Undergrad: 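Pasting a structure below so you can have a look.
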Amino acid sequence: MELHKTIHKQRQLRRLFRVSVTIALMVTVLLVALYLIRQSKKTVLREVEFDPIACVRLFDISRVYRIRAADYAPHMLWFATAEGIRVLNTETLEWQRYGLDHGLTSETIVDVCFEDGTAWVATWNGLLRFDRAEKRFQPIDFSVGAGGARILAVESVPGAGIFFSIDTRGLYHLAPGDTVPRQRLIPDVRASARITCLKYRTENKLLVGVEGRRLLEYDVSKDEFSTFHFSRPGSRKTYVWDVLFDNGGMWVATSDDGLWHSEKVADTLLPVEYFPAKGAYVFADDRDGFYCGTPFGLWRYHESVSGGTWVQLVHPAEKSATDFQVFTLANTSDVLWYGSMDLGAGYLRKERIEWVPLRAGLASPNVVAIAADDTLLWTSYGYDGDHIDRFFVADVQYDRNYGRYDGILDPQIQSLVLDGSRLYYGGFGCFGWLDDRGASGRYFGRESALPHGDIADIFVQSDSSIYLASHFGLIHYRPHIDSFHLYENTEGMRITCIAPNHDKLWLGTLARGLHLFDPIAGQIMNTRLEGTMRIMAMGVTDAGRVLVATKLSGLYRIDNASDPIERIPAPGGLIDDGAAEREKHVTAARLIDGRFWMGTREGGCAVYDIRREKWGSFGYYDGLVSDRVQSFYDTDSHIWIGCDGGVNRLEKSYINRKLNEGS
């Protein structure tokens with residue numbers, strides 16, 4: 001009997017254990033399912049829908065896939081990038097930007113070639129031809145259903161037309177006089193194979209690199225393919241990126257299988273021993289050797305009687321092996337042009353090994369301050385920005401740069417204000433101004449009469465009275481006599497922003513709330529939001545109402561200076577509003593045409609309509625460069641929004657239409 005009870009008890013325990021494990025597994029599966037559903041909602045992809053003329057986007061250049069000199073003018077370099085096309089006149093150093101507003105169907109451009117003065121560009125959304133007279137791109141129509149396809153490479157064969165490859169759809173040919181491309185099947189190569197390299201060789205011959213480390217030569221005049229042989233088979237996912245013919249031999253760059261070489265073009269290709277990188281992207285021929293761009297930096301191969309030597313050329317911004325991934329090279333007599341994944345574009349002075357980065361539109365991605373009128377736009381970039389860039393408003397084209405050669409020695413320019421003909425700027429250790437054409441200006445640095453630096457905001461009260469929000473307090477600057485005065489009652493307040501209130505000033509601080517200050521008496525009249533409240537920006541309406549944007553606690557309102565402050569709750573998901581969601585922290589704000597715009601760390605813009613007391617939003621899917629917003633500026637015709645990654649020029653009619661949709 002005791003044995004029976006013991007066995008029965010053990011069975012109950014085992015049954016209870018199995019039930020517990022089953023419940024635990026079911027709960028785990030349910031939690032995982034809920035998590036995946038939530039993540040899928042967060043990462044769901046949808047089309048970015050916006051008017052590219054009314055919403056012009058100027059990106060920072062990151063990936064540069066191809067650099068080629070125009071056949072109609074060798075000093076004109078075309079840069080195919082992940083942010084559109086940039087064209088550089090190397091004689092005048094003038095840039096031209098081309099984006100969606102110029103007819104591009106995608107701003108990811110992977111290749112470019114030229115045929116009789118016409119540029120052809122390969123995009124992630126079709127092949128396009130450039131009309132130089134109209135300065136617009138025209139898409140090529142496909143009769144085989146390939147329109148809108150991802151183009152991987154494009155090349156011109158003189159007299160034979162344009163060849164290009166479509167991702168997983170093979171090789172296509174647009175012959176002279178034809179309007180519709182035709183697919184060209186390659187013997188023993190499946191039609192869905194990726195063709196990653198097209199390179200004109202000579203006399204109607206085109207090199208074709210196919211995934212699986214296969215290299216063929218197409219004789220266009222004979223309509224025949226021949227194959228180059230490798231000494232051993234390659235992986236199915238190994239790509240051929242480039243081919244170089246040098247001293248009668250041939251070099252082949254592959255994605256993850258190093259370099260291959262043959263002493264004679266007809267010989268079998270052998271792996272290059274002692275090549276310092278696992279893969280290679282691109283070649284640039286040079287005397288006594290060549291340059292090679294790889295996922296592990298730039299290398300120079302020096303030929304000699306005893307063999308060859310590899311020398312690495314280290315970019316000054318390299319901190320690890322893969323920081324400088326060189327996608328493209330273009331060689332001239334005195335400089336080597338490069339394009340990379342993360343370090344943009346630039347050139348190397350070969351004689352003295354000097355690296356020169358290029359400012360093709362935006363030189364730094366973090367646009368922390370903007371100033372503009374209806375003619376010119378200025379941008380600055382915060383920490384290590386080191387300069388101010390200027391653009392033409394009409395076509396959003398790069399004009400010039402202000403930096404060390406103009407006396408601006410501060411590495412962090414974080415505030416800009418345009419007043420009449422003067423642009424005022426403030427930085428980590430400086431304050432200064434430039435006239436609207438840059439012919440003159442003043443710079444006040446650490447050795448000047450400026451009491452302290454770290455100028456977060458600038459308020460121009462009049463031509464003779466300017467107030468600076470400083471980390472060390474409120475500073476009064478009088479331009480006509482170049483004098484500065486730090487108000488004692490504000491020392492140590494770490495002021496972040498300034499807003500007028502008749503003859504007084506509202507001062508927002510980093511950690512000590514909001515203060516009403518009388519600059520005539522030099523006294524603080526009132527204090528709100530005491531404690532550690534971080535004030536990011538303020539706006540004052542024509543009726544005197546003050547809107548206050550805080551970093552972590554949302555939006556506040558003061559109708560009159562003597563009234564209590566009122567919190568304006570925001571709908572869930574727009575701004576932090578006390579929920580401590582890091583991606584919704586407020587980073588910048590500005591009052592524009594009756595709406596208070598608040599930029600967030602990663603959630604785009606939250607927009608509060610003061611008159612209607614309604615909230616709206618504006619973000620990446622409305623045309624914003626990115627959802628990491630840093631700055632705002634408005635003019636009579638446009639709203640400018642600076643982001644981590646670039647800047648937007650938005651027509652106000654477009655903004656009104658977007659914000660009124662569904663309201």
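In this text the structure is predicted, and so the values were computed from the model without any measurement.
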Undergrad: Measure from the side-chain N and O atoms of Gln397 to the backbone N and O of Arg97, and report whether any donor-acceptor pair falls under 3.5 Å.
TA: yes
Undergrad: Quick one: does Asp178's side chain have a donor or acceptor within less than 3.5 Å of a partner on Leu174's backbone?
TA: no
Undergrad: Look at the aromatic rings of Tyr301 and Trp310 and report parallel, tilted or perpendicular, splitting at 30° and 60°.
TA: tilted
Undergrad: For the backbone of Ile85 and the side chain of Thr81, can you confirm whether one donor and one acceptor N or O come within less than 3.5 Å of each other?
TA: no
Undergrad: Hey, can you pull the donor-acceptor pairs under 3.5 Å for the side chains in residues 224-234, sequence neighbours left out?
TA:
none

Undergrad: To check you understand the geometry: which heavy-atom pair defines the closest contact between Ser255 and Thr238, and what is its length?
TA: OG-CA, 3.6 Å
Undergrad: Just verifying a value: how many Å separate Phe163 CZ and Leu206 CG, rounded to the nearest 0.5 Å?
TA: 6.0 Å
Undergrad: Is the backbone of Val112 close enough, under 3.5 Å, to the side chain of Arg68 for a donor and an acceptor to pair up by distance?
TA: yes
Undergrad: Test the Arg400-Tyr402 pair against the cation-pi criterion, namely NZ or CZ under 6.0 angstrom from the six-membered ring centroid and within 45° of the ring axis.
TA: yes
Undergrad: Do any N or O atoms from the side chain of Tyr200 and from the backbone of Glu203 form a donor-acceptor pair under 3.5 angstrom?
TA: yes
Undergrad: Is a side-chain donor or acceptor of Lys199 paired with a backbone partner of Leu244 at a separation under 3.5 angstrom?
TA: no
Undergrad: Checking Asn401 against Asp389: is there a side-chain donor and acceptor pair closer than 3.5 Å?
TA: yes
Undergrad: Enter the distance from Arg66:CZ to Thr328:OG1 here, rounded to the nearest 0.5 Å.
TA: 5.5 Å
Undergrad: For the CG atom of Asp374 and the OG1 atom of Thr635, what is their distance to the nearest 0.5 Å?
TA: 4.5 Å
Undergrad: Taking the side chain from Gln183 and the backbone from Arg169, do they hold a donor-acceptor pair closer than 3.5 Å?
TA: yes
Undergrad: Evaluate the ring pair (Phe, Tyr, Trp, His ring centres under 6.0 Å) criterion for residues Trp355 and Phe324: first the C-alpha distance (whole Å), next the side-chain angles of each, then the deciding distance (0.1 Å), finally the verdict.
TA: CA-CA 13 Å; Trp355 296 87; Phe324 191 35; 5.6 Å; yes
Undergrad: Rounded to the nearest 0.5 Å, how far apart are CG of Leu259 and CG of Asp242?
TA: 10.0 Å
Undergrad: Does Asn331 use its side chain to pair, donor to acceptor, with the backbone of Asp285 at less than 3.5 Å?
TA: yes
Undergrad: Measure from the side-chain N and O atoms of Asp373 to the backbone N and O of Leu376, and report whether any donor-acceptor pair falls under 3.5 Å.
TA: yes
Undergrad: Please round to the nearest 0.5 Å and tell me the distance separating atom CG of Leu313 and atom CG of Leu298.
TA: 5.0 Å
Undergrad: Does the side chain of Val154 come within less than 4.5 Å of Ile162's, by heavy atoms?
TA: yes
Undergrad: Is a donor from one side chain sitting under 3.5 angstrom from an acceptor on the other, for Thr379 and Tyr381?
TA: yes
Undergrad: What distance do Arg129 atom CZ and Thr118 atom OG1 have between them, rounded to the nearest 0.5 Å?
TA: 7.5 Å
Undergrad: Please, which pairs that meet side-chain hydrogen bond (donor to acceptor under 3.5 Å, both in side chains) have at least one residue in residues 213-222, sequence neighbours excluded?
TA: Arg184-Tyr218, Arg201-Glu217, Arg213-Asp257, Tyr218-Asp223, Asp219-Ser221
Undergrad: Check whether Asn89 reaches the backbone of Glu94 with its side chain - one donor and one acceptor, N or O, closer than 3.5 Å.
TA: no
Undergrad: Can Thr196 and Glu211 be counted as having a side-chain donor-acceptor contact under 3.5 angstrom?
TA: no
Undergrad: What orientation do Tyr98 and His102 show, parallel under 30°, tilted 30 to 60°, or perpendicular over 60°?
TA: perpendicular
Undergrad: Is Arg628 atom CZ crowded by more than 12 heavy atoms from other residues, nucleotides or ligands, each under 6.0 Å away?
TA: no
Undergrad: Parallel, tilted or perpendicular: which one describes the rings of Phe290 and Phe283, with boundaries at 30° and 60°?
TA: perpendicular
Undergrad: Please tabulate, for the side chains in residues 71-79, all donor-acceptor contacts under 3.5 angstrom to protein atoms that are two or more places apart in sequence or on a different chain.
TA:
unit_1	atom_1	unit_2	atom_2	d
Asp71	OD1	Gly117	N	3.3
Asp71	OD2	Asp116	N	3.1
Asp71	OD2	Gly117	N	3.0
Tyr72	OH	Trp78	NE1	3.2

